[in-house]
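Written out below as structure tokens is the structure these notes cover.
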Amino acid sequence: MRIVVDLNRCESYGQCVYAAPAVFRLHGEECLEYDYAPDEVARNQVEAAAAACPVQAITIGRAVVPAGTTGERA
Ligand code: SF4
């Protein structure tokens, strides 16, 4: 799976670190580090982390869709 954290939005609350410590960690007090391609077995924890993030900075597993398309096929 793939995850992206919008670090411009992240306020380093650390909720994701508590929810998924194998994937997210705080380096120092403010710098969030994370595994951008964690194993699928971590999905439940990552989903909990995304739900817990107060600023909705975590995006999970979106397929890459070309700009200007819906990504759907007829
Ligand atoms: S829970 Fe959200 S705001 Fe807090 S450290 Fe994680 S990504 Fe950043």
Side-chain angles (χ1 to χ4, degrees):
M1 66 187 293
R2 292 276 180 172
I3 58 175
V4 174
V5 178
D6 183 345
L7 294 176
N8 291 319
R9 186 180 282 199
C10 173
E11 300 277 353
S12 300
Y13 290 115
Q15 302 301 326
C16 56
V17 178
Y18 291 113
V23 178
F24 301 93
R25 59 209 152 265
L26 284 172
H27 185 69
E29 291 201 359
E30 296 195 345
C31 183
L32 180 71
E33 295 179 341
Y34 66 101
D35 181 355
Y36 62 87
D39 195 275
E40 196 63 35
V41 298
R43 179 172 287 274
N44 285 349
Q45 284 192 2
V46 172
E47 287 179 350
C53 178
V55 293
Q56 287 87 48
I58 303 170
T59 303
I60 302 172
R62 293 257 170 84
V64 177
V65 177
T69 70
T70 63
E72 295 179 3
R73 292 173 189 240

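Both counts, for ligands and for their atoms, begin at 1 and track the order of listing. What you see is a predicted model; the values in this text were computed from it and never measured.
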| Per-atom contacts of ligand 1 with G14, taking only distances under 4.0 Å to non-hydrogen atoms | 4 (Fe), 5 (S)
| Would a hydrophobic clustering, with Ile, Leu, Val, Met, Phe, Trp and Tyr connected at side-chain separations under 4.5 Å, put V23 with L7? | yes
| note | shortest atom 3 (S) of ligand 1-to-protein heavy-atom contact is with E11 N, 3.3 Å
| message | Below 2.8 Å, can you find an N, O or S atom of C10 next to atom 8 (Fe) of ligand 1? | response | yes
| note | ligand 1 atoms nearer than 4.0 angstrom to some heavy atom of C53 are 1 (S), 2 (Fe), 3 (S), 7 (S)
| field | Heavy-atom donor-acceptor pair, Y13 side chain to P54 backbone, under 3.5 Å | value | no
| query | Hey, any chance V17 and I60 share a hydrophobic cluster, counting ILVMFWY side chains that come within less than 4.5 Å of each other, even indirectly? | reply | yes
| query | Would you say E30 has more than 12 foreign heavy atoms packed within less than 6.0 Å of its CD? | reply | no
| message | List ligand 1 atoms under 4.0 Å from V55, heavy atoms only on the residue side. | response | 3 (S)
| Is there an N/O/S atom in C16 at a distance below 2.8 Å from atom 2 (Fe) of ligand 1? | no
| V46 and V41: same hydrophobic cluster, using ILVMFWY side-chain contacts below 4.5 Å? | no
